[in-house]
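Report on the following structure.
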Amino acid sequence: MFLLRRPRPTVISRSIFRAMSSSHEQSSVQFQYSAGENEEQLGRDATALTTQGGGRWKVTSDSRGLERTFRFKTFKATWDFMNTVAAECKVQKHHPEWTNVFNKTHVRWTTHKPLGISSKDVVMARFCDEAGTRHGELVDSPDDDGCGCGDFKP
Ligand SMILES: C[C@H](O)[C@H](O)[C@H]1CNC2=NC(N)=NC(=O)C2=N1
């Protein structure tokens, strides 16, 4: 008479499991790149700007860009920040997708042609971080992920 045995579950040792999960963590920021980009370099630079990489930006839901909200004390400070960014947009020939309500601006960097995230988006996201600091960005808000405008999403 035969004893029917269930197949044994595959046992993965703890150390192998840890190695698998940490390599997964390292590669977990996935982007859709613009054609012609150095994906390795751009991936590293863009990841460094994300919350996972120690920065303040989130990957957009379509993986083609970076976005975050900036908050300032006044509308004037917000508008001045946006003017500074707009001047750099002329230099870089690149424009944001953004909204402003009172003292907040939600900024998204993505490239329309060729579609995806490009090095220009990284250059401009970095520029925004620096300009935000220069214009007195308020960084201690627990709700600074939102656009500050109720249900309206840009
Ligand atoms: C002709 C001009 O250079 C292009 O339209 C530029 C301008 N700014 C741009 N900005 C963004 N975000 N994406 C683009 O593809 C783009 N293209």
Side-chain angles (χ1 to χ4, degrees), residues 12 16-154:
I12 302 175
I16 292 173
F17 183 76
R18 268 199 298 272
M20 285 167 73
S21 34
S22 71
S23 72
H24 173 73
E25 261 162 38
Q26 275 178 344
S27 61
S28 61
V29 179
Q30 291 296 335
F31 293 100
Q32 296 286 324
Y33 299 99
S34 284
E37 291 291 338
N38 177 339
E39 297 188 7
E40 239 173 73
Q41 183 64 54
L42 181 55
R44 271 195 296 273
D45 293 346
T47 299
L49 289 166
T50 65
T51 50
Q52 274 161 285
R56 307 198 67 217
W57 296 81
K58 296 226 163 99
V59 182
T60 57
S61 59
D62 62 7
S63 306
R64 291 178 185 141
L66 295 167
E67 63 187 339
R68 85 168 177 95
T69 299
F70 291 81
R71 189 172 68 99
F72 300 89
K73 199 168 175 190
T74 60
F75 170 70
K76 175 74 166 62
T78 313
W79 196 249
D80 287 347
F81 163 79
M82 293 173 83
N83 262 327
T84 297
V85 174
E88 186 64 14
C89 288
K90 190 154 191 253
V91 175
Q92 301 293 338
K93 295 188 174 66
H94 207 57
H95 62 76
E97 295 175 5
W98 61 8
T99 57
N100 159 239
V101 178
F102 177 41
N103 65 335
K104 291 180 183 177
T105 178
H106 185 86
V107 183
R108 184 185 302 132
W109 290 110
T110 186
T111 297
H112 303 139
K113 212 174 158 186
L115 203 63
I117 188 169
S118 72
S119 51
K120 282 192 178 183
D121 297 312
V122 165
V123 166
M124 288 308 302
R126 265 195 217 124
F127 182 89
C128 283
D129 284 341
E130 284 156 22
T133 304
R134 277 187 272 131
H135 285 275
E137 183 191 5
L138 303 175
V139 292
D140 56 349
S141 167
D143 74 336
D144 70 356
D145 277 350
C147 64
C149 39
D151 286 331
F152 173 72
K153 285 272 177 205

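Keep in mind that what you see is a predicted model, and the values were worked out from it rather than measured.
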The single option from Lys73, Arg56, Arg71 that satisfies side-chain hydrogen bond (donor to acceptor under 3.5 Å, both in side chains) with Glu137 is Arg56

As a test of understanding, state which of Lys58, Lys104, His106 forms a side-chain hydrogen bond (donor to acceptor under 3.5 Å, both in side chains) with Thr69. His106

Output the distance between atom [atom1] ([X]) and atom [atom2] ([Y]), rounded to the nearest 0.5 Å.
X      : Y      : atom1 : atom2 : result
Met82  : Cys89  : CE    : SG    : 10.0 Å
Ser34  : Arg64  : OG    : CZ    : 9.5 Å
Glu37  : Gln32  : CD    : CD    : 13.5 Å
Cys128 : Trp109 : SG    : CH2   : 5.0 Å

Criterion salt bridge (Lys or Arg N to Asp or Glu O under 4.0 Å) on Arg68 and Asp129, from CA distance to verdict: CA-CA 10 Å; Arg68 85 168 177 95; Asp129 284 341; 3.0 Å; yes

Cationic tip of Arg134 within the cone over Phe127's six-membered ring, i.e. under 6.0 Å and within 45° of the normal? yes

What pair of heavy atoms forms the shortest contact from Ala131 to Thr84, and how long is it? CB-CG2, 4.1 Å

Do the non-hydrogen side-chain atoms of Asp80 and Phe72 ever get within less than 4.5 Å of each other? no

Distance-only, no hydrogens or angles: does the [X] side chain make a donor-acceptor pair with backbone N or O of [Y] under 3.5 Å?
X      : Y      : result
Glu88  : Met124 : no
Thr47  : Arg44  : no
Asp121 : Thr111 : yes
Thr105 : Val101 : no

Between Asp45 and the options Val123, Val122, Ile117, the side chain to side chain contact (heavy atoms under 4.5 Å, CB included) test singles out Val122

Angle class for the Phe70/Trp57 ring planes (parallel below 30°, perpendicular above 60°, tilted otherwise)? perpendicular

For [X], check side chain to side chain contact (heavy atoms under 4.5 Å, CB included) against everything at least two apart and list the hits.
X     : value
Glu97 : Arg108, Thr110, His112
Glu39 : Tyr33
Phe75 : Trp79, Asn100, Phe102

